[in-house]
Amino acid sequence: MELSKNYIPSVTEARWYKHWTEKGYFKSRPDERPPYTVVIPPPNVTGVLHMGHTLNETVQDILVRKARMSGFNACWVPGSDHASIATEAKVVQMLKEKGIDKNELSREEFLKYAFEWKDKYGDIIYNQIEKLGCSVDWERVTFTMDDHYYKSVIKVFIDLYNKGLIYRGARMINWDPAAKTALSDEEVEFKDIIGKLYYLNYILVDDEGQLKESTPNSVNSQNAAFNFITIATQRPETIMGDTAICVNPNDERYKHLKGKFAIVPLINRRIPIIFDEYVDPVFGTGALKVTPAHDINDYNLGLKHHLEVVDTLNPDGTLSAAAQIYIGEDRFVARKKIIAELQEKGFLINEEEYASRLGHSQRSGAVVEPRISTQWFVKMKELARPALNAVVDGEIRIHPGDKFLATYKYWLENVKDWCISRQLWWGQQIPAWYDEKGNYVVAETYEAAIEKYKEKFGQQLTDNDQLKQDADVLDTWFSSWLWPMEVFKGISDPENHDINYYYPTSVLVTGQDIIFFWVARMIMAGMHYRNEKPFSDVYFTGMVRDKLGRKMSKSLGNSPDLLQLIDKYGADAVRFGIMISSPAGNDLLFDEASLEQGRNFNNKLWNALKLVKMWEGRTSTDNTTQEVDDNWRLTDETKLQTGEIEDLAEVEKSRSHHIAIDWFENRLNEVRAEVEVMYSQFKLSEALKSIYSLIWDDFCSWYLEWVKPGFEQRIEEEVYDKTVWFFEELLQMLHPFMPFISEEIYHLLREREDDLCVKQFPKIEAADQNILAAGELLKQVISALRDARNKNQLKPKETIKLHVQSANGSIYKNIEEILAKQINAEKIYHVNDAVPNAIVIAVEKDKFYIECENQIDTESLKNELLKDLQHQKNFLQTVIKKLGNERFVANAKAEIVELEKKKQADAEARIKTIEETLASL
RNA sequence: GGGAGCAUAGCUCAGUUGGUUUAGAGCAUCUGCCUUACAAGCAGAGGGUCCGCGGUUCGAACCCGUGUGCUCCCA
């Protein structure tokens, strides 16, 4: 079979994904194996997968594939989220472009458009998940608005309401004037701004001071007929909502104002001066205007002092009739006009810059208004306690823990009630039913509501129109917090087989930005409804940034298109690129260069395949070592004794191949163990690096070169078989990270029935440290000799004669063949004395002499050796100093002292070698 | 304002209970190679005041204090 020059991902990827799904490898049904369950953090249906998702899905796929290959019944549930606010905004926008006004549609008509939208974008997302190679169970796709899901959300709402954990009430909430809905505290993002502090004069009047017709509604600084109190405010446009001025009771400046009143500029409302320690006398003028309808702190003050609440804003952010002036104008426009008027009329006496933070809606970006509004809330305190304990007690482990544990704890310990109603249509409609007077009952259906109403209010309703359902829907997170349960129908059918088998799930992989929105609340819901954690481990990935460290955003245009990347580099390379630069929990700086590295790695694997395939038909069975037996690793000496082989010289020739095989097998075991530890610590990037290096450096650069037969030469069958086997093992290790190419090469290496995708990992054998050390020494010697060739300008094609002077010459005799091949030596001699007129190299205790025709630059050789000598002597010095320190010898552990002694001996031996080498020059 | 985290090679990061041959990797850089798997490659090299200062210790990249700089969360 002819293999292409380079690996071409596009063809193989589609073919293998189809094969895997046809074979049903990703399908999971409960069985006797232990489950490994992962639920996808549902991407919302508003868009396409961005690089953050790509990282996230890749991490999950690696964990799931690894589990599937390690004896677990792996189940990865895909799905998507209806994303109430975001989707509704997009649908409204889409309708607008079609010339349709949402307000002219009925709820049902609007939802029809929304579901069309969902089908379109849901499919785009699923297509991308597939292209990326994600091994999700496609028969378990769940959407948060699916019928069973919808019903379970309603069921939970009713249940929590009946338990008194959900209530309805008028509270200060965050209002999004663009989306015209309430938001939860978590949906508000604060941004630093440079605002202004405006100093305003309010005219003071006595308590009986009814405003007379003649009272001016302007003051001039020259006009001294009035007394004033000066307040400082950031929001002069809210003065029409002022219902008091508050000062600190201990503030001497204002003590005389007890019982006095002030007049709100422009609208002439008379408001009391109140006293409360809440006010900081140092801030501004020490006098605070109180606007209960538009500030949470003012609202609390208002409750305490029984102040009137005047809401001067409409839901869309324009001024309401209650504002009396600039009615219907946008809050920001009105603000400018009010400032101008205040200035003109002399009320504004000063303004200064002021650093502040302004709340923005996470979804619409609009500046959020604090607003009194009647909404539905979840009482969080009671739900929070078990969720806190689950993490604090270590039942749920967070990775990386040190970073997020404190954040998690703080939030739960200071949790506030959760506003869950949204003034939208896209979502689960709140199951509350009202009569004309506003009395309500909570029930699943209209019929049930009628019954409930009768019970609660003792009234028989005769006419169907008498109860109306709440028009609002629930916060999307109020549905997502049930995700790990309801994807297995754990809420709608709590005792079913699936939920009992798959729950709790194994690991949740998600972004750290939704720790409160989602993670904490899922734990609450899980603890409440199943009395069991929803997952054992939480793995937080970092944020994907561009290579300059900037957040990826549409406006910067620095967010690449996933499908284009896959087209250009292949899915494996994308997965490789994003994982190799993704240290656990840290932000990753995305650079296409790492995808290129992934593509190059594909190619390296491909070429290794080509090399091995070249040997396929060239195996030789004409050798004493042809029989591969279980004891093939026994030393030849042992075999001699047992009579298995009769003559050592006979096997000498293949000896070096055995060393290569021996070494690589142990190296494989060593890395397998390392990778296993990294998996358990979620250090996936590190694991990939280890596998990458094992394949590229150890397998391709060293092992394959060591066993490579000469031009037109045959390869021993045992060596060939072992090589193919090693290759397979490497592909298996790589498979969770790069599933497509590993499967492809696995099948090209050898005709076979099975698939790598579900091949089970072997038991990890311990690595023999002595063999590993021998391999390292060989590599070290080869590198040193190649370096010497380089430095002495020996062309790669020029052959050399190598003389080895070692007290332990047999070591080098055994690896002579490899050594000669690797440094292009035509002949290797073993000597007992220095060889004159040669390039000398000292490695550990051994000396090497390169005999060649070039003029030898003794001077630079000498310098090189002197430099090394100095280094060794300095090192020896520090060791001797340490050992000479009585307190070190007395206090340090015995093995540490022993180690230092060994260091000393080794350094002394190296120094001796170098000195002898120098003497021979 | 409160809290958390980080600072190691040009860049991105490892570095285990403080002792692992006077600090490692990948990428980038430099040198030499079109060597019959691979130039998307091969061989080799250079590169560090472990942020500054002080302390604990026989011994500190690691522990403590402090300063500086960056990032994030919360009000």
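Convention: sequence-line order gives letters A, B, ...; per-chain numbering from 1.
Applying the Watson-Crick and G-U wobble criteria (two distances, each under 3.5 Å), B:G41 pairs with B:C33. Across all strands shown, the partner of B:G1 is B:C74, judged by Watson-Crick or G-U wobble contacts whose two distances both fall under 3.5 Å. Pairing partner, B:G67: B:C51, with both Watson-Crick or wobble hydrogen-bond distances short of 3.5 Å.
Side chain of A:Leu611, nearest nucleotide from B:G26, B:A37, B:G41: B:A37. When distances are taken from the side chain of A:Arg357 to each of B:A75, B:A14, B:G44, the shortest belongs to B:A75. Looking at the side chain of A:Ser783, the nearest of the listed nucleotides B:C72, B:G15, B:G44 is B:G44. The side chain of A:Asn607 has B:A37 as its nearest neighbour among B:U21, B:A43, B:A37. Closest to the side chain of A:Arg599, out of B:C13, B:U71, B:A40, is B:A40. Of the listed nucleotides (B:C74, B:A39, B:U35), B:U35 has the atom at the smallest distance from the side chain of A:Lys797. Side-chain proximity of A:Phe875 to B:A75, B:A37, B:U22: nearest is B:U22.
Environment of NZ in A:Lys610: crowded, with over 12 heavy atoms of neighbouring residues, nucleotides or ligands closer than 6.0 Å.
Within the nucleic acid shown, A:Arg910 comes within 4.0 Å of at least one base atom, counting heavy atoms only. Within the 4.0 angstrom heavy-atom criterion, no nucleotide atom of any strand lies near A:Ser693. The residue A:Lys416 sits close only to the backbone: its heavy atoms come under 4.0 Å of sugar-phosphate atoms, none of a base. Among the atoms of the strands shown, base atoms are found under 4.0 Å from some heavy atom of A:Ile896. Residue contacts shown for A:Trp696 are limited to sugar-phosphate atoms, with no base heavy atom under 4.0 Å away. At a threshold of 4.0 angstrom between heavy atoms, the contacts of A:Gln597 are confined to the sugar-phosphate backbone, with no base atom among them. A:Ile515 comes within contact range of no nucleotide atom at all, as no heavy-atom separation falls under 4.0 Å. Counting non-hydrogen atoms under 4.0 angstrom, A:Lys604 reaches a base of the nucleic acid. Contact annotation for A:Thr407: backbone-only contact, meaning every heavy-atom pair under 4.0 Å involves sugar-phosphate atoms and none involves a base. Looking at heavy-atom distances under 4.0 Å, A:Ser594 makes no contact with the nucleic acid at all. A:Ala907 comes within 4.0 angstrom of no nucleic acid atom, judged by non-hydrogen atoms across all strands.
Of the C1' atoms belonging to B:U20 and B:U36, the separation is 42 Å, rounded to the nearest Å. B:A43 and B:C34 are spaced 14 Å apart, taking the C1' atom of each and rounding to whole Å. Taking atom P on both nucleotides, B:G1 is separated from B:C58 by 41 Å, rounded to a whole Å. The gap from the P atom of B:A60 to that of B:G18 amounts to 13 Å, rounded to the nearest Å. Going from the C1' atom of B:A14 to that of B:G26 covers 10 Å, rounded to whole Å. Annotation: B:G10 and B:G52 have their P atoms spaced 14 Å apart (nearest Å). One P atom belongs to B:U16, the other to B:A61, and the distance between them is 12 Å to the nearest Å. Going from the C1' atom of B:C50 to that of B:U22 covers 14 Å, rounded to whole Å.
Under 4.0 angstrom from either OP1 or OP2 of B:U22 there lies no side-chain N or O belonging to A:Lys881. Here A:Lys689 does not reach the OP1 or OP2 of B:C27: none of its side-chain N or O atoms lies under 4.0 Å away. Distances shorter than 4.0 Å separate none of the side-chain N or O atoms of A:Lys893 from OP1 or OP2 on B:G19. For B:C27, one of the phosphate oxygens OP1 or OP2 lies less than 4.0 angstrom from a side-chain nitrogen or oxygen of A:Tyr692. At B:A37, none of the side-chain N or O atoms of A:Lys613 fall inside 4.0 Å of OP1 or OP2 (strictly under the cut-off).
In this entry the distance linking CG of A:Asp868 with C1' of B:U22 reads 13 Å, nearest Å. Look at NZ on A:Lys795: it is 18 Å from P on B:A43, rounded to the nearest Å. Rounded to an integer number of Å, the gap from A:Glu844 CD to B:U21 P is 11 Å. Separating the CD atom of A:Gln822 from the P atom of B:C42 is a distance of 13 Å, rounded to the nearest angstrom. Straight-line distance from the CD atom of A:Glu895 to the P atom of B:G19: 12 Å, rounded to whole Å. When the P atom of B:C72 is taken as reference, atom CG of A:Leu405 falls 21 Å away, rounded to whole Å. To the nearest angstrom, P of B:A43 lies 12 Å from CH2 of A:Trp706. As rounded to whole Å, 17 Å separates atom P of B:U21 from atom CG of A:Asn874.
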- Query: For A:Gln234 and A:Ser356, what are the C-alpha separation, side-chain angles and deciding distance, and is it a side-chain hydrogen bond (donor to acceptor under 3.5 Å, both in side chains)?
  - Reply: CA-CA 9 Å; A:Gln234 291 181 70; A:Ser356 180; 3.2 Å; yes
- Show your working on side-chain contact (heavy atoms from CB on, under 4.5 Å) between A:Gln872 and A:Ile911 and close with a plain yes or no. CA-CA 6 Å; A:Gln872 296 299 341; A:Ile911 287 169; 3.7 Å; yes
- Yes or no on side-chain contact (heavy atoms from CB on, under 4.5 Å) for A:Thr407 and A:Phe516, after CA distance, side-chain angles and deciding distance? CA-CA 9 Å; A:Thr407 314; A:Phe516 309 134; 3.5 Å; yes
- Could you walk me through whether A:Ile523 and A:Leu412 pass the side-chain contact (heavy atoms from CB on, under 4.5 Å) check? CA-CA 11 Å; A:Ile523 299 174; A:Leu412 281 171; over 6 Å; no
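Proximity of the aromatic rings of A:Phe682 and A:His399 is defined here by a centroid distance below 6.0 angstrom, and this criterion is met. The ring of A:Phe576 has its center no closer than 6.0 angstrom to the ring center of A:Phe737.
Remark: the A:Lys902 side chain and the B:U21 base include a donor-acceptor N/O pair separated by less than 3.5 Å. For A:Glu705 and B:A37, a side-chain-to-base donor-acceptor distance below 3.5 Å is present, hydrogens and geometry of angles not being considered. Applying the 3.5 Å distance criterion, the base of B:A43 shares no donor-acceptor pair with the side chain of A:Arg786.
Screening residues 770-780 of chain A for side-chain hydrogen bond (donor to acceptor under 3.5 Å, both in side chains) gives A:Asp698-A:Lys779, A:Glu776-A:Lys779 as the qualifying pairs, with residues at least two apart or on separate chains.
Of the N and O atoms on the side chains of A:Thr291 and A:Tyr299, not one donor lies less than 3.5 Å from an acceptor on the other residue. When only modelled atom types and interatomic distance are considered, A:Tyr7 and A:Thr12 share a side-chain donor-acceptor pair under 3.5 Å.
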- Message: Strictly under 4.0 angstrom, non-hydrogen atoms only: write out the protein contact profile of nucleotides 56-62 of chain B, one letter per nucleotide from the 5' end, B, S or -.
- Response: --B----
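Ring-plane geometry between A:Phe601 and A:Trp696 is classed as parallel, the angle between the planes falling under 30 degrees on a 0 to 90 degree scale with a further cut at 60.
A:Glu189 contributes atom CD, which lies 11.0 Å from atom CG of A:Leu183 (distance to the nearest 0.5 angstrom).
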